[in-house]
Engineer: 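I have a structure I would like to understand better, so I am pasting it below and will then ask my questions one at a time.
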Amino acid sequence: MSEGAQILFVDADADEIDRIRPYFSGFRFEAVANCQAALDRLAQGGVDVVLLDLGLPDAPGVESFIRLIGRFPRIPIVIYIAQDRIAHAMEAL
């Protein structure tokens, strides 16, 4: 991924968004709090990669992944998951 690429981070936890943001300096970083907001943002175009938490309130577990990949199959999705949700990540794979 080239420097300046647009990353969309999807996570309902505002503290986690603030914690992860510094790791992406040099990239255009945008965050949304739920699956529907991610779908809306992706529809606008210009996103290079999605960093997706699978613990979203409006699409728990792999449902969020399925919804995003179903509508935007050409955009890479990286699953960002807490250690206690590894089973969800494996299911998405």
Engineer: What is the distance from atom CD1 of Ile75 to atom CG of Leu68, rounded to the nearest 0.5 Å?
Structural biologist: 9.0 Å
Engineer: What closest approach, in Å, do Ala37 and Val32 show between heavy atoms, and which atom pair accounts for it?
Structural biologist: CB-CB, 3.8 Å
Engineer: Tell me the closest heavy-atom pair linking Ile17 and Asp11, and the distance in Å.
Structural biologist: CD1-O, 3.3 Å
Engineer: Show the nearest heavy-atom pair for residues Arg71 and Ala43, with the distance to one decimal.
Structural biologist: NH2-CB, 4.3 Å
Engineer: Could you tell me the separation between the CG atom of Leu51 and the CZ atom of Phe29, rounded to the nearest 0.5 Å?
Structural biologist: 7.0 Å
Engineer: Under the side-chain contact (heavy atoms from CB on, under 4.5 Å) test, which residues partner Ile69, sequence neighbours left out?
Structural biologist: Phe65, Ile77
Engineer: Is a side-chain donor-acceptor pair under 3.5 Å present for Asp40 with Gln36?
Structural biologist: yes
Engineer: Taking the six-membered ring for Trp, is the centroid-to-centroid distance between Phe9 and Tyr80 below 6.0 Å?
Structural biologist: yes
Engineer: For Ala59, check side-chain contact (heavy atoms from CB on, under 4.5 Å) against everything at least two apart and list the hits.
Structural biologist: Cys35, Glu63, Ser64, Arg67
Engineer: So, does Arg21 use its side chain to make a donor-acceptor pair with the main chain of Ser25 at under 3.5 Å?
Structural biologist: no
Engineer: Closest approach of Val50 and Val10, non-hydrogen atoms and distance?
Structural biologist: CG1-CG2, 3.9 Å
Engineer: Does Arg19 pair with Asp13 as a salt bridge, N-O distance under 4.0 Å?
Structural biologist: no
